[in-house]
Amino acid sequence: MSVHHAPEPTSTEQAQVVTYEVRGAVAVVTLNRPEYTNAQNSQMTYALDAAFVRAVDDDDVKVIVLAGNGRHFCGGHDIGTPGRDIDRSFERQAVIHWDHVDKQGVDSRFARESEVYLGMCRRWREIPKPMIAMVQGACIAGGLMLAWSCDFIIASDDAFFSDPVVRMGIPGVEYFAHPFVMNPRAAKEFLYTGGRFDAVRARELGMVNHVVPRADLERAVFDMADRIAEMPRLGLALTKKAVNQAEDLQGLRAGMDSVFGLHHAAHAHNAEVGKDSLAGLDARSMARSNKKADGDV
Ligand code: ZN
(Lines give C-alpha, C1' and ligand atoms only; values in the text may rest on other atoms or scores of the structure.)
Protein backbone atom coordinates (compact mmCIF):
# COMPACT_ATOMS: atom_id res chain seq x y z
CA MET A 1 0.00 0.00 0.00
CA SER A 2 1.55 3.30 -1.04
CA VAL A 3 1.72 6.10 1.49
CA HIS A 4 2.03 9.67 0.37
CA HIS A 5 1.62 12.78 2.43
CA ALA A 6 -0.72 15.49 1.22
CA PRO A 7 0.48 19.11 0.92
CA GLU A 8 1.39 20.93 4.12
CA PRO A 9 -1.50 22.38 6.13
CA THR A 10 -1.80 26.16 6.29
CA SER A 11 -0.15 26.43 9.70
CA THR A 12 2.38 24.44 11.67
CA GLU A 13 -0.02 24.54 14.64
CA GLN A 14 -2.53 22.47 12.70
CA ALA A 15 0.17 19.97 11.80
CA GLN A 16 0.83 19.52 15.49
CA VAL A 17 -2.68 18.86 16.75
CA VAL A 18 -4.09 16.99 13.74
CA THR A 19 -2.13 15.00 11.18
CA TYR A 20 -3.29 14.14 7.68
CA GLU A 21 -2.09 11.46 5.31
CA VAL A 22 -3.45 9.57 2.32
CA ARG A 23 -3.00 5.80 2.01
CA GLY A 24 -4.30 4.61 -1.33
CA ALA A 25 -7.93 5.76 -1.51
CA VAL A 26 -8.14 6.41 2.23
CA ALA A 27 -7.46 9.70 4.02
CA VAL A 28 -6.36 9.29 7.62
CA VAL A 29 -7.11 12.22 9.91
CA THR A 30 -5.45 11.75 13.30
CA LEU A 31 -5.99 13.61 16.57
CA ASN A 32 -2.51 14.36 17.79
CA ARG A 33 -2.33 15.57 21.37
CA PRO A 34 -1.44 12.18 22.87
CA GLU A 35 0.14 13.78 25.94
CA TYR A 36 -3.37 15.06 26.86
CA THR A 37 -5.37 12.00 25.72
CA ASN A 38 -6.11 13.99 22.53
CA ALA A 39 -8.24 16.50 24.44
CA GLN A 40 -10.06 18.59 21.88
CA ASN A 41 -9.32 22.32 22.01
CA SER A 42 -10.57 24.77 19.38
CA GLN A 43 -7.28 24.66 17.55
CA MET A 44 -7.85 20.95 17.04
CA THR A 45 -11.48 21.49 16.00
CA TYR A 46 -10.54 23.91 13.25
CA ALA A 47 -7.60 21.73 12.18
CA LEU A 48 -9.99 18.78 11.94
CA ASP A 49 -12.38 20.82 9.84
CA ALA A 50 -9.54 21.84 7.50
CA ALA A 51 -8.36 18.22 7.20
CA PHE A 52 -11.87 17.02 6.34
CA VAL A 53 -12.21 19.72 3.70
CA ARG A 54 -8.98 18.48 2.10
CA ALA A 55 -10.23 14.91 2.11
CA VAL A 56 -13.55 15.92 0.56
CA ASP A 57 -11.84 17.99 -2.15
CA ASP A 58 -9.36 15.24 -3.09
CA ASP A 59 -11.08 13.18 -5.81
CA ASP A 60 -8.71 10.26 -5.17
CA VAL A 61 -9.93 9.93 -1.57
CA LYS A 62 -12.93 7.60 -1.25
CA VAL A 63 -13.03 6.96 2.50
CA ILE A 64 -11.95 8.95 5.58
CA VAL A 65 -10.61 7.33 8.75
CA LEU A 66 -10.65 9.36 11.97
CA ALA A 67 -8.01 8.13 14.40
CA GLY A 68 -6.38 9.16 17.68
CA ASN A 69 -2.64 8.99 18.24
CA GLY A 70 -1.47 7.17 21.37
CA ARG A 71 -3.19 5.03 23.97
CA HIS A 72 -6.54 6.80 23.77
CA PHE A 73 -8.82 7.96 20.98
CA CYS A 74 -10.04 11.11 22.76
CA GLY A 75 -10.52 12.06 26.40
CA GLY A 76 -13.06 14.80 25.61
CA HIS A 77 -13.19 18.55 25.21
CA ASP A 78 -10.21 20.37 26.61
CA ILE A 79 -11.30 21.57 30.05
CA GLY A 80 -7.91 22.00 31.62
CA THR A 81 -4.72 21.44 29.58
CA PRO A 82 -2.20 24.27 29.04
CA GLY A 83 -3.49 24.41 25.45
CA ARG A 84 -7.06 25.23 26.44
CA ASP A 85 -8.13 28.07 24.15
CA ILE A 86 -11.80 28.91 24.76
CA ASP A 87 -11.07 32.65 24.75
CA ARG A 88 -9.38 32.61 21.37
CA SER A 89 -10.79 33.61 18.00
CA PHE A 90 -10.32 31.40 14.97
CA GLU A 91 -10.93 32.11 11.34
CA ARG A 92 -14.37 30.58 10.96
CA GLN A 93 -15.08 28.84 7.69
CA ALA A 94 -18.53 27.54 8.53
CA VAL A 95 -19.91 30.87 9.86
CA ILE A 96 -22.51 29.02 11.87
CA HIS A 97 -22.61 31.81 14.45
CA TRP A 98 -20.83 35.09 15.25
CA ASP A 99 -17.51 35.00 17.07
CA HIS A 100 -17.95 34.31 20.79
CA VAL A 101 -14.88 36.26 21.88
CA ASP A 102 -15.61 39.57 23.68
CA LYS A 103 -19.23 38.54 24.28
CA GLN A 104 -20.65 37.69 27.68
CA GLY A 105 -22.73 34.94 29.26
CA VAL A 106 -25.07 33.04 27.00
CA ASP A 107 -24.23 35.43 24.14
CA SER A 108 -20.70 34.02 24.18
CA ARG A 109 -21.31 30.44 25.28
CA PHE A 110 -24.17 29.75 22.89
CA ALA A 111 -22.21 31.25 19.97
CA ARG A 112 -19.10 29.21 20.73
CA GLU A 113 -20.86 25.88 21.24
CA SER A 114 -23.12 26.39 18.21
CA GLU A 115 -20.00 26.82 16.10
CA VAL A 116 -17.36 24.46 17.44
CA TYR A 117 -19.44 21.70 18.97
CA LEU A 118 -22.93 21.13 17.60
CA GLY A 119 -22.42 22.91 14.27
CA MET A 120 -19.07 21.40 13.40
CA CYS A 121 -20.10 17.86 14.35
CA ARG A 122 -23.24 18.13 12.23
CA ARG A 123 -21.23 19.39 9.29
CA TRP A 124 -18.86 16.45 9.67
CA ARG A 125 -21.73 13.97 9.89
CA GLU A 126 -22.83 15.26 6.48
CA ILE A 127 -19.44 14.93 4.78
CA PRO A 128 -20.24 13.21 1.46
CA LYS A 129 -17.66 10.44 1.92
CA PRO A 130 -17.82 7.45 4.27
CA MET A 131 -16.05 8.05 7.58
CA ILE A 132 -14.86 5.36 9.97
CA ALA A 133 -13.85 6.12 13.55
CA MET A 134 -10.94 3.93 14.68
CA VAL A 135 -11.26 3.90 18.47
CA GLN A 136 -8.83 2.58 21.08
CA GLY A 137 -8.68 3.35 24.80
CA ALA A 138 -10.80 6.22 26.08
CA CYS A 139 -13.62 7.79 24.12
CA ILE A 140 -15.14 10.18 26.62
CA ALA A 141 -17.73 12.99 26.30
CA GLY A 142 -16.43 15.29 23.51
CA GLY A 143 -14.65 12.22 22.09
CA LEU A 144 -18.03 10.59 21.60
CA MET A 145 -19.09 13.53 19.43
CA LEU A 146 -16.16 12.93 17.09
CA ALA A 147 -16.71 9.17 16.90
CA TRP A 148 -20.49 9.52 16.52
CA SER A 149 -20.11 12.06 13.68
CA CYS A 150 -18.48 9.27 11.70
CA ASP A 151 -20.63 6.70 9.89
CA PHE A 152 -19.54 3.94 12.20
CA ILE A 153 -16.97 2.86 14.73
CA ILE A 154 -14.48 0.01 14.71
CA ALA A 155 -13.02 -0.36 18.19
CA SER A 156 -10.25 -2.33 19.83
CA ASP A 157 -11.03 -4.55 22.79
CA ASP A 158 -9.47 -2.01 25.19
CA ALA A 159 -11.81 0.78 24.09
CA PHE A 160 -14.38 2.27 26.45
CA PHE A 161 -17.03 4.96 26.18
CA SER A 162 -18.56 7.32 28.72
CA ASP A 163 -20.36 10.64 29.02
CA PRO A 164 -19.92 11.85 32.60
CA VAL A 165 -21.09 15.45 32.09
CA VAL A 166 -24.28 14.88 34.11
CA ARG A 167 -21.87 15.29 37.02
CA MET A 168 -21.74 18.95 35.94
CA GLY A 169 -25.54 19.05 35.94
CA ILE A 170 -25.52 18.96 32.12
CA PRO A 171 -27.76 16.49 30.22
CA GLY A 172 -25.10 14.98 27.92
CA VAL A 173 -22.66 16.42 25.41
CA GLU A 174 -23.72 19.03 22.85
CA TYR A 175 -24.17 16.55 19.98
CA PHE A 176 -27.03 14.66 21.62
CA ALA A 177 -27.11 11.42 19.63
CA HIS A 178 -27.24 9.16 22.69
CA PRO A 179 -30.76 7.71 22.18
CA PHE A 180 -29.93 7.04 18.51
CA VAL A 181 -26.50 5.41 18.77
CA MET A 182 -27.87 3.10 21.47
CA ASN A 183 -31.36 2.40 22.73
CA PRO A 184 -33.02 5.03 24.98
CA ARG A 185 -32.89 2.92 28.14
CA ALA A 186 -29.20 2.20 27.68
CA ALA A 187 -28.69 5.92 26.99
CA LYS A 188 -30.28 6.71 30.34
CA GLU A 189 -28.00 4.27 32.18
CA PHE A 190 -25.01 5.63 30.25
CA LEU A 191 -25.85 9.20 31.31
CA TYR A 192 -27.26 8.58 34.81
CA THR A 193 -24.17 6.66 35.94
CA GLY A 194 -21.52 8.43 33.86
CA GLY A 195 -19.80 5.03 33.94
CA ARG A 196 -17.91 3.21 31.24
CA PHE A 197 -19.46 1.00 28.59
CA ASP A 198 -16.72 -1.23 27.25
CA ALA A 199 -16.30 -2.00 23.56
CA VAL A 200 -18.23 -5.28 23.68
CA ARG A 201 -21.20 -3.68 25.46
CA ALA A 202 -21.09 -0.79 22.96
CA ARG A 203 -21.19 -3.29 20.11
CA GLU A 204 -24.13 -5.15 21.68
CA LEU A 205 -26.01 -1.84 21.81
CA GLY A 206 -25.24 -1.04 18.17
CA MET A 207 -22.92 1.90 18.85
CA VAL A 208 -19.86 0.01 17.61
CA ASN A 209 -19.81 -2.16 14.47
CA HIS A 210 -16.79 -4.35 15.21
CA VAL A 211 -14.48 -5.07 18.14
CA VAL A 212 -11.03 -6.46 17.39
CA PRO A 213 -7.85 -7.07 19.41
CA ARG A 214 -5.80 -3.90 19.87
CA ALA A 215 -2.99 -5.24 17.67
CA ASP A 216 -5.42 -5.85 14.79
CA LEU A 217 -7.29 -2.54 14.94
CA GLU A 218 -5.52 -0.69 12.15
CA ARG A 219 -5.61 -3.66 9.81
CA ALA A 220 -9.33 -4.22 10.43
CA VAL A 221 -10.13 -0.57 9.76
CA PHE A 222 -8.10 -0.38 6.55
CA ASP A 223 -9.46 -3.69 5.28
CA MET A 224 -12.96 -2.27 5.69
CA ALA A 225 -12.01 1.10 4.19
CA ASP A 226 -10.47 -0.62 1.16
CA ARG A 227 -13.63 -2.68 0.62
CA ILE A 228 -15.81 0.43 0.78
CA ALA A 229 -13.44 2.25 -1.58
CA GLU A 230 -14.37 -0.27 -4.31
CA MET A 231 -17.83 1.30 -4.49
CA PRO A 232 -18.58 4.28 -6.75
CA ARG A 233 -18.08 7.65 -5.10
CA LEU A 234 -21.50 9.09 -5.89
CA GLY A 235 -23.24 5.88 -4.85
CA LEU A 236 -21.55 6.08 -1.47
CA ALA A 237 -22.42 9.76 -1.05
CA LEU A 238 -26.10 9.21 -1.89
CA THR A 239 -26.29 6.14 0.33
CA LYS A 240 -24.81 8.05 3.25
CA LYS A 241 -27.36 10.82 2.69
CA ALA A 242 -30.17 8.26 2.47
CA VAL A 243 -29.39 6.72 5.85
CA ASN A 244 -28.73 10.10 7.48
CA GLN A 245 -32.03 11.46 6.15
CA ALA A 246 -33.87 8.45 7.55
CA GLU A 247 -32.23 9.06 10.93
CA ASP A 248 -33.21 12.73 10.77
CA LEU A 249 -36.80 11.74 9.96
CA GLN A 250 -36.74 9.59 13.10
CA GLY A 251 -35.99 12.77 15.01
CA LEU A 252 -32.22 12.91 15.37
CA ARG A 253 -31.77 16.47 14.12
CA ALA A 254 -34.85 17.97 15.76
CA GLY A 255 -34.04 16.12 19.00
CA MET A 256 -30.54 17.56 19.03
CA ASP A 257 -31.87 21.08 18.54
CA SER A 258 -34.25 20.77 21.48
CA VAL A 259 -31.64 19.18 23.75
CA PHE A 260 -29.08 21.87 22.86
CA GLY A 261 -31.47 24.29 24.61
CA LEU A 262 -31.53 22.11 27.75
CA HIS A 263 -27.74 21.85 27.58
CA HIS A 264 -27.48 25.64 27.60
CA ALA A 265 -30.05 26.00 30.36
CA ALA A 266 -27.69 23.80 32.44
CA HIS A 267 -24.59 25.84 31.55
CA ALA A 268 -26.46 29.05 32.39
CA HIS A 269 -27.73 27.63 35.69
CA ASN A 270 -24.19 26.65 36.66
CA ALA A 271 -22.88 30.10 35.81
CA GLU A 272 -25.75 31.78 37.65
CA VAL A 273 -25.46 29.91 40.93
CA GLY A 274 -21.78 28.90 40.93
CA LYS A 275 -18.42 30.10 39.72
CA ASP A 276 -18.51 28.81 36.15
CA SER A 277 -20.66 27.08 33.54
CA LEU A 278 -19.08 23.67 34.28
CA ALA A 279 -20.17 23.59 37.95
CA GLY A 280 -16.60 24.21 39.05
CA LEU A 281 -15.36 20.90 37.67
CA ASP A 282 -12.12 20.74 35.70
CA ALA A 283 -10.20 17.92 34.02
CA ARG A 284 -8.60 16.76 37.26
CA SER A 285 -11.72 16.74 39.45
CA MET A 286 -13.74 15.08 36.66
CA ALA A 287 -11.12 12.34 36.29
CA ARG A 288 -11.16 11.80 40.05
CA SER A 289 -14.96 11.55 40.21
CA ASN A 290 -15.11 9.30 37.15
CA LYS A 291 -12.60 6.90 38.65
CA LYS A 292 -14.73 6.64 41.78
CA ALA A 293 -17.88 6.09 39.74
CA ASP A 294 -16.27 3.41 37.60
CA GLY A 295 -15.27 1.58 40.77
CA ASP A 296 -18.92 1.50 41.77
CA VAL A 297 -20.22 0.17 38.44
ZN1 ZN B 1 -21.51 22.76 26.50
Side-chain angles (χ1 to χ4, degrees), residues 31 33 36-46 48-49 74-81 83-90 92 94 96-125 138-149 161-181 187-188 190-192 194 252-287 289-290:
L31 311 173
R33 299 183 76 203
Y36 301 114
T37 65
N38 294 321
Q40 186 193 335
N41 56 12
S42 293
Q43 190 187 326
M44 180 185 275
T45 308
Y46 284 94
L48 275 175
D49 200 52
C74 179
H77 293 145
D78 188 342
I79 56 170
T81 82
R84 193 178 190 214
D85 54 8
I86 57 167
D87 295 326
R88 211 178 126 187
S89 277
F90 286 81
R92 294 162 305 119
I96 291 161
H97 213 290
W98 55 69
D99 195 358
H100 69 287
V101 173
D102 298 328
K103 311 290 190 299
Q104 291 195 317
V106 174
D107 195 13
S108 172
R109 204 180 300 121
F110 191 83
R112 178 167 181 276
E113 298 207 339
S114 295
E115 164 85 7
V116 302
Y117 295 156
L118 181 59
M120 289 280 203
C121 285
R122 272 181 171 172
R123 266 156 51 76
W124 298 340
R125 172 178 177 256
C139 181
I140 301 174
L144 298 169
M145 296 169 58
L146 300 180
W148 291 349
S149 302
F161 304 82
S162 74
D163 187 356
V165 303
V166 179
R167 208 177 299 290
M168 300 169 166
I170 298 171
V173 286
E174 291 83 2
Y175 183 88
F176 196 80
H178 310 59
F180 288 84
V181 298
K188 286 176 179 169
F190 190 63
L191 287 163
Y192 292 174
L252 174 67
R253 191 177 179 89
M256 268 188 197
D257 278 330
S258 67
V259 176
F260 196 60
L262 300 177
H263 182 99
H264 277 272
H267 274 316
H269 174 76
N270 286 341
E272 193 179 353
V273 304
K275 64 173 183 167
D276 64 36
S277 66
L278 301 179
L281 287 161
D282 61 14
R284 190 167 298 172
S285 53
M286 276 297 274
S289 307
N290 293 341

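Remember, it's 1-based here, ligands and their atoms both numbered in the order they're listed. Throughout, numbering of the chain's residues begins at 1 and tracks the sequence.
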Subject >> Heteroatoms of the protein, restricted to N/O/S, which lie under 2.8 Å from the Zn ion (ligand 1) >> reply: Glu113 OE1, Glu113 OE2, Glu174 OE2, His263 NE2, His267 NE2
**OP:** Give the intermediate values and the outcome of side chain to side chain donor-acceptor pair (under 3.5 Å) for residues Thr81 and Arg33.
**Re:** CA-CA 10 Å; Thr81 82; Arg33 299 183 76 203; 2.8 Å; yes
Subject >> side-chain contact (heavy atoms from CB on, under 4.5 Å) partners for Ala266, two or more places apart >> reply: Ile170, Pro171
**OP:** Please step through salt bridge (charged side-chain N to carboxylate O under 4.0 Å, His left out) for the pair Asp99 and Arg112, ending with a clear verdict.
**Re:** CA-CA 7 Å; Asp99 195 358; Arg112 178 167 181 276; over 6 Å; no
Original post:
Does Asp163 reach the main-chain N or O of Phe190 with its side chain, forming a donor-acceptor pair under 3.5 Å?
Top reply: no
Subject >> Whether His267 side chain and Ser277 backbone form a donor-acceptor pair below 3.5 Å >> reply: yes
Subject >> Spacing of CD belonging to Gln40 relative to CG belonging to Leu48, to within rounding of 0.5 Å >> reply: 6.5 Å
